[in-house]
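Here's the structure, in structure tokens; my notes come after.
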Amino acid sequence: MVEGKPVTGTYGGAIRWNLAGSVLRVCITLGCQLVLLRILGPTIAGQFAIFLIIVGIGTVLSEGGMMATLSRAPSLDTATLRAALFLVICYATGVCLVLLACAPFLIAVFNLSPEQHYLPYAAIANVLPLGLSSVPMTVLRRQYRAREAQFVGIVSYALGFAVFAVPAALLAPSVRVMVIAFSIQTGVTVVAAWGLTKAPLVPSPAGTRSLQSTSWRALLNNGFYYLNENAANFLTANTIGARSLGLYNASFNLLRMPSDLLTSALHSPLLVSAAECAEAGQTGKRFRSILDCLASTIFAVYFAACFTGSLMIVPLLGDKWIDAGPVLAVVAIAMAARVVSNLTGAVLAGVGKLIADAGAQAFALALLIAGFLRFSPTDALQVAFIVTMAMGGRMIVQLAFAARALGLDLTALFKSFILPSALTALMMSPLIIIAPILLPQYGIYGFFGVGASAAVLLAARVAIAVWLIRSDWATQLQTSARHFFSVRQSREKAF
């Protein structure tokens with residue numbers, strides 16, 4: 001670890017702080033996005049999504065797989081961190097120069113109008129700072145200092161979007177407002193992360209060879225993950241246009257918040273603990289527990305969104321977003337597969353199976369591209385169906401690799417969340433009756449009524465899950481069945 005900075009947290013403590021911080025961040029993010037999307041509309045939201053695509057490409061390449069590599073490093077001493085910082089600076093500088101040279105190409109690919117030609121250059125300006133923030137953020141996660149990591153994320157987003165973007169968008173709605181807000185978030189993240197970790201600021205080329213020998217696997221995996229998350233955005237922007245991209249991307253981002261709530265809480269602790277406990281056999285138990293947790297909680301949210309998405313979108317975002325309703329319903333299915341995939345990927349990374357995870361990502365990317373080539377989508381709804389197919393394929397392949405790596409039975413692994421998911425769907429089914437009654441008649445107030453009903457049903461589902469775990473219902477059912485058949489056989493013999 002950083003000299004003089006021992007591990008200050010535990011696996012359970014990291015999950016608790018990550019979950020608490022994630023809840024607060026999701027509330028802030030959801031509030032800001034609902035207001036901003038309602039003000040800006042699908043076209044401006046699509047233009048900002050193009051900006052984020054370019055930022056994402058640069059960030060993945062500039063980070064160079066250092067976060068996963070440092071998470072698995074035997075120790076994070078000063079020499080290792082200085083070497084990682086040196087590599088990140090080299091990668092980020094090179095990536096920025098390449099992107100600058102490719103800026104005219106990006107402008108042409110995304111069909112940007114003359115007043116939007118600044119978007120690639122504004123995105124490139126954020127790449128180096130984001131790359132530099134990866135080193136201190138990894139230190140915080142590696143030391144289970146989830147409270148500080150969440151503090152950085154919440155404060156930076158709040159200052160950029162809640163404090164600046166919302167008032168500015170009300171005065172002058174444009175994509176420029178969103179770009180400035182993102183740049184504020186980036187600057188605050190870099191300053192706060194380095195200030196909290198006190199990691200060494202002086203880069204050094206010594207020791208970079210050992211990091212490079214392992215970081216390329218993480219870079220490959222991260223690259224495929226990024227392409228899986230954003231290839232649909234890229235293809236939609238290039239072939240259909242900014243408005244369709246805005247409809248799809250807004251649906252995707254709104255529904256990714258519940259999954260990010262659990263993923264951000266569990267991903268880093270699960271990755272680090274998998275790296276530390278792979279031989280102790282604890283990762284498999286933790287992974288199955290997490291799958292059961294997903295089936296009992298997060299899947300309920302996506303079931304509700306799938307059947308009520310078309311009814312919720314107008315009360316939430318206004319009439320200009322009416323075409324996003326069916327898209328939201330389909331994307332809900334993709335999000336359920338995505339959250340399982342992300343956590344499975346953390347397990348695979350933790351036990352050193354980055355190539356297997358990259359293979360699953362490549363398979364999903366191939367499905368996505370094949371879907372675009374085969375069906376040639378003309379609207380956001382068709383894009384949502386193709387993305388759902390690709391994410392479902394990725395989830396199945398990743399679970400197969402994880403089961404093999406952890407020594408688990410694949411059939412049992414599927415049952416561990418399919419059967420609880422079916423119970424969740426059954427318990428949430430009353431929403432199918434409640435939502436069509438409340439939402440069209442009462443608008444935004446009906447949304448709160450549906451939300452309250454969903455919260456009650458979810459609480460009941462969680463209570464049943466806890467009871468099933470504590471009561472060991474499977475053993476009791478088997479015992480009762482054996483007793484029934486033994487009594488029946490005794491009576492038959494008596495006659």
Side-chain angles (χ1 to χ4, degrees), residues 25-56 110 116 119 157 160-162 165-166 169-170 173-179 181-182 185 228-261 301-302 304-306 308-336 338-339 377-388 391 439 444 447 451:
R25 185 169 58 184
V26 164
C27 291
I28 296 173
T29 304
L30 181 61
C32 290
Q33 286 204 12
L34 290 178
V35 173
L36 290 170
L37 289 173
R38 196 176 185 96
I39 296 171
L40 300 176
T43 302
I44 295 178
Q47 293 166 359
F48 182 59
I50 292 173
F51 166 83
L52 293 179
I53 291 172
I54 302 171
V55 171
F110 291 118
Q116 297 161 8
L119 286 177
Y157 185 88
F161 288 90
V166 171
L170 288 170
S174 69
V175 68
R176 194 180 300 271
V177 168
M178 301 296 287
V179 170
F182 186 88
Q185 179 187 12
N228 270 286
E229 293 281 292
N230 293 276
N233 290 343
F234 179 89
L235 293 171
T236 302
N238 178 253
T239 59
I240 307 178
R243 186 178 185 278
S244 292
L245 174 59
L247 293 171
Y248 166 74
N249 191 255
S251 302
F252 187 93
N253 287 332
L254 287 175
L255 288 174
R256 73 183 291 176
M257 291 182 194
S259 69
D260 286 351
L261 179 64
V301 177
Y302 291 129
C306 181
T308 63
S310 298
L311 298 170
M312 290 192 300
I313 200 72
V314 172
L316 283 176
L317 302 181
D319 292 336
K320 64 179 74 173
W321 288 92
I322 191 170
D323 293 336
V327 180
L328 191 75
V330 176
V331 170
I333 303 172
M335 288 294 102
R338 177 180 177 270
V339 67
T378 57
D379 57 40
L381 181 59
Q382 294 173 5
V383 171
F385 278 111
I386 295 173
V387 170
T388 301
M391 288 193 175
L439 290 175
I444 190 66
F447 173 78

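As the structure is a prediction and not an experimental result, all values here were calculated from the model.
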Q) Considering all heavy atoms of both residues, which atom of Ala165 and which atom of Ala181 are nearest to each other, and what is their separation? A) CB-CB, 3.7 Å

Q: Report yes if some heavy atom in the side chain of Trp321 is under 4.5 Å from a heavy atom in the side chain of Leu37; otherwise report no.
A: yes

(Q) Tell me the closest heavy-atom pair linking Pro42 and Lys320, and the distance in Å. (A) CG-O, 3.7 Å

Q) Does a side-chain heavy-atom distance below 4.5 Å link Leu34 with Leu254? A) yes

**Q.** Note, Leu40 side chain near Phe48 side chain (heavy atom, < 4.5 Å)
**A.** no

**Q.** Between CG on residue Asn230 and CG on residue Leu235, distance to nearest 0.5 Å
**A.** 11.0 Å

Q | From Leu119 atom CG to Leu52 atom CG, the distance as rounded to the nearest 0.5 Å | A | 10.0 Å

Q.
Would the distance check show the side chain of Gln33 and the main-chain N or O of Thr29 forming a donor-acceptor pair, the cut-off being under 3.5 Å?
A. no

Q: Step through the shown structure and confirm whether more than 12 heavy atoms of other residues, nucleotides or ligands are within 6.0 Å of CG on Leu170.
A: yes

Q. Do the side chains of Asp323 and Arg243 get nearer than 4.5 Å, heavy atoms only?
A. yes

Q.
Ignoring hydrogens, what is the shortest heavy-atom contact between Pro377 and Ile240? Give both atom names and the distance.
A. O-CD1, 3.6 Å

Q) Where do Asn249 and Asn233 come nearest, in terms of heavy atoms and distance? A) ND2-ND2, 3.2 Å

Q. If you take all heavy atoms of Ala324 and Ser251, which pair is closest and at what distance?
A. O-OG, 3.7 Å

(Q) Quick check for you: to the nearest 0.5 Å, what is the distance between Thr239 atom OG1 and Phe234 atom CZ? (A) 9.5 Å

Q.
Any heavy-atom pair between the side chains of Phe110 and Ile54 that's under 4.5 Å?
A. yes

Q) Should Val331 and Thr388 count as side-chain neighbours, where that means a heavy-atom distance under 4.5 Å? A) no

Q) Minimum heavy-atom separation for Leu245 to Ala49, with atom names? A) CD2-CB, 3.8 Å

(Q) Using 0.5 Å steps for rounding, measure from the CD atom of Gln47 to the CZ atom of Phe51. (A) 13.0 Å

Q. How long is the gap from CD1 on Ile28 to CZ on Phe161, to the nearest 0.5 Å?
A. 12.5 Å

(Q) Between Tyr248 and Gly46 (side chain of the first, backbone of the second, donor and acceptor by atom type, cut-off under 3.5 Å), is there such a pair? (A) no

